[in-house]
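A short worksheet on the structure shown next.
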Amino acid sequence: MGQIVRRNQAVLSAEEKRAYVDAVLQLKNGEWRIYDDYVTWHYLMATKSSTGHKGPGFLPWHRDFLLHFEESLAAVKPGISIPYWDWTKDNSEWSSLWNQQFMGGNGRATDGKVEDGPFAYDRGEWVCVTFDGDGVTQKYLTRDFGGASKVLPTAAAVDECLAATSYDVAPWDTTSRTGFRNRLEGWIPPGVHNMVHQWVGGAMEPPSSPNEPAFFLHHCNLDRLWAEWRQRHPGAPYVPVSGAPPGNNLSDVLPPWNERTIADLLDHRALGYQYDTEFPLPQGHQMLPGDTLVGGNEVRSGNGTYVLGYQTDGNLVLYPAADPHNVVWATGTWKNRDAGRCTMNFDGTLTVYGKGAPGQAPDQWHRPNARPPAAGCRLTVRDDGVIALHPADQPDQPLWTSKDP
């Protein structure tokens, strides 16, 4: 199976969001009926086990949890991925995440009951799992935006976590102060993970928090940040190798599936997925060699009047910024229904790829065709509404433009 890309929910089309919601509802009420198992597994890990929370295994266990959930989603809709919620940007109750067609909005003031969106109890498709002593007994989904935490984590708070040079430190618990894991999990400042649960409130707060479907988008973002931390600190090993409670050491097998060790979970790309933030994105009005667009990314001309965007359906499109529906040029690759990425390659070709890992993804479209490309070429989005591939020092001598066949 090809590499899937987990994307920011903010760039997904309405159709893609609808497909994700439909798949989640199928896991809840369709022939699989496995969604409630995920709520139970998380509850048991949080209340009956040393694995999964308040220790080094927090990030690996939730990575395994997300992988199994994504595999369940794929049984409903092959190739689907969990989107992530970047709460440093989408940080209010008016953010696109809470659209009535996606996650639905806040709960009502009297009791937190969510009354709109696909997960509203009165629609008859979403009934929460309850546990004695969990603190939440309602069958309906509840939220209280800004209740226990008035704000969501900032970019500065995330940067503080990412700056940590060690993954974790002894005594491997909530008091560990200088490692990345506990700063991100939230038992010491800046308290990122916990803050998000508390801001959403309601069903998101207790150990049964996967009752809240936004749980998976939140933890997908945490997993993305762990991947980014590992990229920033490539020499920093996972610790501890031993000496921590079961489920937290490098060779420990993670319950309840007992399929993968923590060591198996460290390289997310080897597990078959990557994030849209892992590609070098273009700066300014050009794509330099190696620059890549994934769904929702764009490049604007120098004066901002034209936009070259790689859409979430896999189509590369040029249009006036003031009139996005007036497409002046497009690759037509949306017909393949195989959105991957668009890369300005080092060999001088601009290529639209389908899904798949680098070196394995199918070539859906590329230019130039008629002449050998020149290594080191770049793409420029010009102010006259034309895109051009040209040598770095010869912008007036393009090898190909969007006016060419």
_Could you go through Leu379 and Gln286, starting from their C-alpha distance and side-chain angles, then the distance that decides it, and tell me whether this counts as side chain to side chain contact (heavy atoms under 4.5 Å, CB included)?_
CA-CA 5 Å; Leu379 174 144; Gln286 292 188 324; over 6 Å; no
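- Panel note: side chain Asp90, backbone Ser95; no donor-acceptor pair is recorded below 3.5 Å.
- For the residue pair Pro153 and Val192, the shortest heavy atom distance occurs at CG-O, 3.6 Å.
- In this structure, the side chain of Asp173 does not engage the main chain of Gly55 through any donor-acceptor pair within 3.5 Å.
- Checking His366 against Asp363 by side-chain atom types alone, a donor-acceptor pair falls below 3.5 Å.
- Formation of a donor-acceptor pair under 3.5 Å by the Ser50 side chain with backbone atoms of Pro245 is not found in this model.
- Here the SG atom belonging to Cys161 is positioned 8.0 Å from the CG atom belonging to Leu225, to the nearest 0.5 angstrom.
- Remark: Tyr20 pairs with no residue by the ring-ring contact (aromatic ring centres under 6.0 Å, His included) rule, at least two apart or across chains.
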*Begin with the C-alpha distance, continue with both residues' side-chain angles, and end with the deciding distance and a verdict on side chain to side chain contact (heavy atoms under 4.5 Å, CB included) for Arg6 and Cys220.*
CA-CA 8 Å; Arg6 292 180 178 173; Cys220 191; 3.6 Å; yes
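- In this structure the side chain of Lys54 reaches within 4.5 angstrom of the side chain of Glu185, judged on heavy atoms.
- The two atoms that bring Val21 and Phe119 nearest to each other are CG1-CZ, 4.1 Å, heavy atoms only.
- Counting only heavy atoms from C-beta outward, the side chains of Trp329 and Val386 never approach each other to under 4.5 Å.
- Between Gly354 and Ala361, the closest heavy-atom pair is O-CB, 3.3 Å.
- Comment: Glu16 does not engage Arg7 in a salt bridge, judged by the lack of any side-chain N to carboxylate O separation of less than 4.0 angstrom.
- The ring pair (Phe, Tyr, Trp, His ring centres under 6.0 Å) contacts involving residues 291-328 comprise nothing, where partners must be two or more places apart or lie in separate chains.
- Between the side chain of Gln311 and the backbone N or O of Val317, no donor-acceptor pair lies under 3.5 Å.
- In this pair, Trp257 and Phe65 present their aromatic rings tilted. The plane angle is within the 30 to 60° band.
- A centroid separation of 6.0 Å or more is found between the aromatic rings of Trp41 and Phe69.
- Using modelled atom types, no side-chain atom of Lys28 and backbone atom of Ala23 make a donor-acceptor pair closer than 3.5 Å.
- By the neighbour-count criterion of 12 heavy atoms within 6.0 Å, atom CH2 of Trp365 is densely surrounded, having more than that number from other residues, nucleotides or ligands.
- Of the inter-residue distances, the one linking Ser208 atom OG with His42 atom NE2 reads 9.0 Å to the nearest 0.5 angstrom.
- By the 30° and 60° cut-offs, the orientation of the rings of Tyr43 relative to Phe131 is parallel.
- A 4.5 Å side-chain heavy-atom check between Leu73 and Leu27 finds at least one atom pair inside the cut-off.
- Annotation: cation-pi geometry not satisfied between Lys150 and Trp199 (NZ/CZ under 6.0 angstrom from ring centroid, within 45° of ring axis).
- Under a 3.5 Å cut-off, the side chain of Tyr167 and the backbone N or O of Arg230 do not form any donor-acceptor pair.
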*Show your working on salt bridge (charged side-chain N to carboxylate O under 4.0 Å, His left out) between Asp111 and Arg108 and close with a plain yes or no.*
CA-CA 6 Å; Asp111 59 0; Arg108 65 188 179 190; 2.7 Å; yes
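- Checking Ser242 against Asn249 by side-chain atom types alone, no donor-acceptor pair falls below 3.5 Å.
- Between Val299 and Met287 there is a side-chain heavy-atom pair separated by less than 4.5 Å.
- Around CD of Glu71, the count of heavy atoms belonging to other residues, nucleotides or ligands within 6.0 Å exceeds 12.
- Note that CG of Asn221 and CH2 of Trp226 are 15.0 Å apart. Values are rounded to the nearest 0.5 Å.
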*salt bridge (charged side-chain N to carboxylate O under 4.0 Å, His left out) assessment of Arg300 paired with Glu298*: CA-CA 7 Å; Arg300 290 178 178 256; Glu298 62 185 33; 3.0 Å; yes
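- Applying side-chain hydrogen bond (donor to acceptor under 3.5 Å, both in side chains) to Tyr84 and the options Asp223, Asp276, Thr277 leaves one that passes, Asp276.
- Residues Gln9 and Ser96 have side chains that bring a donor and an acceptor to within less than 3.5 angstrom of each other.
- Formation of a donor-acceptor pair under 3.5 Å by the Asn315 side chain with backbone atoms of Gly332 is found in this model.
- Summarising the geometry, atom CG belonging to Leu389 is positioned 9.0 Å from atom OG1 belonging to Thr401; distances are rounded to the nearest 0.5 Å.
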*Could you check Lys113 against Asp122 for salt bridge (charged side-chain N to carboxylate O under 4.0 Å, His left out), going step by step and ending with a plain yes or no?*
CA-CA 10 Å; Lys113 182 180 181 181; Asp122 292 343; 3.1 Å; yes
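- Classification of the His53-His62 ring pair by plane angle, with boundaries at 30° and 60°, yields perpendicular.
- Donor-acceptor pairing under 3.5 Å is recorded for the side chains of Thr349 and Asp347.
- For the pair Leu25 and Trp126, the minimum side-chain heavy-atom distance is below 4.5 Å.
- Judged by distance alone, the side chain of Glu278 and the main-chain N or O of Tyr275 form a donor-acceptor pair under 3.5 Å.
- Asn182 places no side-chain N or O within 3.5 Å of a backbone atom of Gly179 that could act as its donor or acceptor partner.
- In this structure, the ring of Tyr38 has its center no less than 6.0 angstrom from the ring center of His68.
- The NE2 atom of His193 sits 11.5 Å away from atom CZ of Arg181, with the distance rounded to the nearest 0.5 Å.
- With values rounded to the nearest 0.5 angstrom, Leu254 atom CG is found 8.5 Å from Asn248 atom CG.
- Looking only at side-chain heavy atoms (C-beta outward), Ile82 and Leu66 come within less than 4.5 Å of each other.
- Defined by atom type and a distance below 3.5 Å, a donor-acceptor pair is missing between the side-chain atoms of Thr333 and Gln364.
- Closest non-hydrogen pair, Pro255 versus Trp61, comes out as O-NE1, 2.7 Å.
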_I'd like to know whether Gln231 forms a side-chain hydrogen bond (donor to acceptor under 3.5 Å, both in side chains) with Trp229, so could you lay out the CA-CA distance, the side-chain angles of the two residues, the decisive distance to 0.1 Å, and finally the verdict._
CA-CA 5 Å; Gln231 186 176 24; Trp229 181 85; over 6 Å; no
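- At least one donor-acceptor pair under 3.5 Å links the side chain of Glu212 to the backbone N or O of Ala214.
- Within the 4.5 Å cutoff, side-chain heavy atoms of Tyr35 are placed close to those of Pro213.
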*Would you sort out whether Arg260 and Arg63 count as a side chain to side chain contact (heavy atoms under 4.5 Å, CB included), showing the intermediate values?*
CA-CA 11 Å; Arg260 290 182 275 245; Arg63 175 168 286 180; over 6 Å; no
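- In this model, no donor atom of one side chain and acceptor atom of the other lie less than 3.5 Å apart for Thr88 and Thr154.
- Ring-centre distance between Phe180 and His233: not below the 6.0 Å cut-off.
- Proximity of Cys377 to Asn345: side-chain heavy atoms (C-beta onward) are nowhere separated by under 4.5 Å.
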